[in-house]
Amino acid sequence: MSGIQILAFLGGLVGLGATFCATLSNEWRTTSRASSVITATWVLQGLWNNCAGNAIGALHCRPHHTIFKLEGYIQACRGLMIAAVCLGFFGAVFALVGMKCTKIGGSDQSKARMACFAGVNFILSGLCSLSACSLYAHRITSEFFDPMYVAQKYELGVALFIGWAGSILCVLGGGIFCFSVVDSSTRSSSRTGYAYGGPASTSHVSSHPRGHAQPMSQRPPPKYSSSSRAQHFDKNAYV
């Protein structure tokens, strides 16, 4: 189980890194205005900045002016991604404490609880990131395919795919953590039941230790055969 937990920890850690990169990225949605290769212009938008770049390589970004003028789905995505990063961070910390290969965390029972809590945190982090990326992508696609929408239309950015990949890794890592804890607990309970049955049977058999004399009331009556009786009461014995 130590190798499985290490694999789950690495998956959750990579998923946390991908979620953090997607949160800070400016490529949540993108569009290009290109009449030719020389005059190509790209417009990028993220959760925090609006950027514009050209074919020469110049990129200019400015943050959103105020949070009160932002649309509701952007604010919701901000909150979900921040929650995903925080949950993933705490999941990584609890995973380090609850893994079997580490020397911290106390007893095996407390380490198992820590590992299970870490798995739950990783799963919640992945679900938050998945919800934020899916909400943002749904808004982009609905505006792009709406014939009545006359404003600038955007396409899916790279940050959405990074966020989806990170959320899947976090969910898988958290699920493996929870599965490892459940599997180890079932194995330990089965072993405990077998060990409990052994000493009871042996103690029942060896209730009277060797070399200890039994009382007279519990001794069985002596058995005499017919030949021993005849030999003991023979008349020649009295001559």
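Index from 1, following the sequence.
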Problem set entry | Minimal non-hydrogen separation, Leu44 against Glu27, with atom names | CD1-CG, 3.9 Å
For this session: Might you point out which heavy atoms bring Ala83 and Cys128 nearest each other, and give the distance in Å?
Result: CB-SG, 4.4 Å
Seminar exercise, completed: Rounded to the nearest 0.5 angstrom, the OG1-CE distance for Thr19 and Met81 is 5.5 Å
Exercise. Considering only heavy atoms from C-beta outward, does the side chain of Trp48 approach that of Arg78 to under 4.5 Å?
Worked result: yes
Exercise. Given the rule that I, L, V, M, F, W and Y join up when any side-chain heavy atoms are under 4.5 Å apart, are Ile82 and Leu130 in one cluster?
Worked result: yes
Exercise. Would you call Thr102 and Lys111 a side-chain contact if the rule is heavy atoms closer than 4.5 Å?
Worked result: yes
For this session: Calculate, to the nearest 0.5 Å, the distance between atoms CG and CG belonging to Asn26 and Leu47 respectively.
Result: 9.0 Å
Seminar exercise, completed: Value for NZ (Lys69) from CD1 (Ile74), rounded to nearest 0.5 Å, stands at 14.0 Å
Exercise. Taking all atoms of both residues into account, what is the closest heavy-atom pair of Gln5 and Ala115, and its distance?
Worked result: NE2-CB, 4.4 Å
For this session: Step through the shown structure and confirm whether more than 12 heavy atoms of other residues, nucleotides or ligands are within 6.0 Å of CD on Gln109.
Result: no
Problem set entry | Distance in Å, Ser134 OG paired with Trp164 CH2, rounded so as to fall on 0.5 Å steps | 6.0 Å
Exercise. Under a 4.5 Å cut-off applied to non-hydrogen side-chain atoms, are Val85 and Thr23 in contact?
Worked result: yes
Exercise. Quick one: are Ser125 and Phe89 in side-chain contact, heavy atoms under 4.5 Å?
Worked result: no
Exercise. Sub-3.5 Å donor-acceptor pair from the side chain of Ser142 to the main-chain atoms of Arg139, do we have one?
Worked result: yes
Exercise. Rounded to the nearest 0.5 Å, what separation is found between the SG atom of Cys86 and the CG atom of Leu124?
Worked result: 12.5 Å
Exercise. Out of curiosity, does Met114 fall in the hydrophobic cluster containing Phe90 (side-chain heavy atoms, cut-off under 4.5 Å, transitive links)?
Worked result: yes
Seminar exercise, completed: Those residues at least two apart in sequence (or on a different chain) that pass ring pair (Phe, Tyr, Trp, His ring centres under 6.0 Å) with Tyr136 are Trp28, Tyr73
For this session: Determine the minimum heavy-atom distance between Cys77 and Ala132, stating which atoms define it.
Result: SG-O, 3.4 Å
For this session: Kindly indicate, with the supporting measurements, whether the criterion side-chain contact (heavy atoms from CB on, under 4.5 Å) is fulfilled by Ile140 and Leu160.
Result: CA-CA 11 Å; Ile140 293 173; Leu160 294 176; 4.2 Å; yes
For this session: May I have the step-by-step check of side-chain contact (heavy atoms from CB on, under 4.5 Å) for Thr30 and Val43, ending in yes or no?
Result: CA-CA 6 Å; Thr30 179; Val43 177; over 6 Å; no
For this session: Kindly indicate whether the side chain of Leu156, heavy atoms from C-beta on, has any atom under 4.5 Å from the side chain of Arg29.
Result: no
For this session: Start with the C-alpha distance between Gln152 and Thr31, add both sets of side-chain angles, then the distance that settles side chain to side chain donor-acceptor pair (under 3.5 Å), and finish with yes or no.
Result: CA-CA 8 Å; Gln152 178 64 44; Thr31 185; 3.0 Å; yes
Exercise. Parallel, tilted or perpendicular: which fits the ring planes of Phe177 and Phe122, with parallel below 30° and perpendicular above 60°?
Worked result: parallel
Problem set entry | Rounded distance [0.5 Å steps], CG in Leu16 versus SG in Cys170 | 6.0 Å
Exercise. Between Cys61 and Cys51, is the SG-SG gap less than 2.5 Å?
Worked result: yes
Exercise. Do Leu10 and Met99 share a hydrophobic cluster (ILVMFWY, side-chain heavy atoms under 4.5 Å, transitive)?
Worked result: yes
For this session: Keeping the roles fixed (side chain from Thr141, backbone from His138), state whether a donor-acceptor pair exists under 3.5 Å.
Result: yes
Exercise. Between Lys153 and Asp146, what is the shortest heavy-atom contact and its length?
Worked result: NZ-O, 3.3 Å
Problem set entry | Over all atoms of both residues, closest heavy-atom pair of Ala92 and Phe9 | O-CE1, 3.6 Å
For this session: Starting from the C-alpha separation in whole Å, work towards a yes-or-no answer on side chain to side chain donor-acceptor pair (under 3.5 Å) for Gln45 and Tyr154.
Result: CA-CA 9 Å; Gln45 288 188 2; Tyr154 294 89; 3.0 Å; yes
Problem set entry | Hydrophobic cluster identity match, Val14 and Ile168, side-chain contacts under 4.5 Å | no
Exercise. Is the closest side-chain heavy-atom distance between Val158 and Ser25 below 4.5 Å?
Worked result: no
For this session: Establish whether Phe161 and Leu135 are linked, either directly or via other cluster members, by ILVMFWY side-chain heavy-atom contacts under 4.5 Å.
Result: yes
